[in-house]
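One structure is given here, and the rest of the page talks about it.
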Amino acid sequence: MASSPYQVLCVCLGNICRSPTAEIILKHYVKLAGLPVEIDSAGTSNYHPNKAPDPRTQKFARARGYDLSHLRARQICREDYDQFDLILAMDETNLSDLQWQINNLVQQGELHASVMDRLALMSEHDPKFSRQAIPDPYFGQASDFERVIVQCESAAQAWVEYWQANLDILRRQS
Ligand code: 4NP
């Protein structure tokens, strides 16, 4: 069997602010490190189907050198739980929404309960914002959008360091 890249899904509520930012920043650090990891993002809601990231998110990301303009929002779906090895929630509400959806799918016989083990917080290994939420900036101001980038950069670097120290985690069979 051929090996295929480890698959990571970043998840927030709307998939137009935090998770697309996390996706692009994680891709940046994974590429720098040369790790075999593929990254996508999705929302727990279907509030903004096929929309580009929020203009404020794009503006503050662009100022830090990240281009989010090609991304389009989508809602997480059942097939994502088959595809992704790791699902990163931006905050505790995203995490509990994912747990609720997985529980329902397990009860319907659609998923194995072990999928629950693939959930983690984006900030899981972050030494600066350890297991802290990446706060929803949608109804906030400029500093809230800047904070998302700062936290995503810190959290993403921590995941990359974790994978570099535990390369066996990235080995998967297709
Ligand atoms: P996100 O932010 O979850 O970081 O994408 C939000 C985007 C949209 C809404 C809420 C949060 N909304 O209510 O439409």
Side-chain angles (χ1 to χ4, degrees), residues 7-31 37-81 83-105 111 115-116 118-160 162:
Q7 305 267 325
V8 178
L9 185 67
C10 301
V11 176
C12 63
L13 174 62
N15 193 212
I16 56 168
C17 297
R18 292 165 293 170
S19 60
T21 306
E23 174 187 342
I24 291 297
I25 291 177
L26 207 40
K27 276 180 177 160
H28 171 75
Y29 286 109
V30 156
K31 192 174 173 191
V37 179
E38 286 182 356
I39 303 137
D40 192 6
S41 65
T44 55
S45 78
N46 201 27
Y47 292 164
H48 303 278
N50 215 29
K51 289 270 170 62
D54 185 286
R56 299 164 296 174
T57 291
Q58 289 201 54
K59 180 180 124 184
F60 289 104
R62 201 178 306 114
R64 298 279 286 239
Y66 303 109
D67 178 13
L68 275 59
S69 61
H70 58 289
L71 301 179
R72 295 295 177 266
R74 69 176 184 89
Q75 186 175 28
I76 190 167
C77 63
R78 189 226 159 280
E79 288 71 27
D80 289 322
Y81 296 113
Q83 179 181 343
F84 289 93
D85 301 293
L86 179 65
I87 300 174
L88 297 177
M90 299 299 120
D91 66 25
E92 295 285 354
T93 304
N94 307 147
L95 190 62
S96 59
D97 286 347
L98 291 168
Q99 287 164 339
W100 183 84
Q101 189 178 34
I102 291 169
N103 259 327
N104 280 346
L105 289 166
L111 275 187
V115 169
M116 214 58 103
R118 301 187 197 159
L119 299 181
L121 283 172
M122 180 72 186
S123 59
E124 195 77 36
H125 302 287
D126 189 336
K128 291 189 205 135
F129 306 92
S130 179
R131 292 194 52 81
Q132 283 182 41
I134 299 181
D136 183 350
Y138 190 66
F139 296 106
Q141 50 200 4
S143 59
D144 299 303
F145 285 86
E146 281 168 344
R147 182 186 168 146
V148 169
I149 296 169
V150 169
Q151 283 193 239
C152 283
E153 284 182 333
S154 184
Q157 288 177 77
W159 273 108
V160 166
Y162 173 74

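When a ligand or atom number is given, it counts from 1 through the structure's own listing order. Hydrogens, waters and symmetry mates play no part in the numbers below; they use all other heavy atoms, side chains included. Count residues from 1 along the sequence.
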Measure the CE-CE distance between M122 and M90 for me, rounded to the nearest 0.5 Å. 5.0 Å
S123 side chain to Q132 backbone, donor-acceptor under 3.5 Å: yes
Ligand 1: which residues have a non-hydrogen atom closer than 4.0 Å? C12, L13, G14, N15, I16, C17, R18, Y47, H48, D136, Y138
Output yes when a side-chain donor or acceptor of T57 lies under 3.5 Å from a complementary backbone atom of P53, and no otherwise. no
How would you list all residue pairs meeting salt bridge (Lys or Arg N to Asp or Glu O under 4.0 Å) that involve residues 120-134, not counting sequence neighbours? E124-R131
Under the salt bridge (Lys or Arg N to Asp or Glu O under 4.0 Å) definition, can you give me all pairs with a residue in residues 56-70, not counting sequence neighbours? D54-R56, R64-E153
Residues two or more places apart in sequence or in another chain: which of them pass side-chain contact (heavy atoms from CB on, under 4.5 Å) with D40? L9, E23, R74, F84
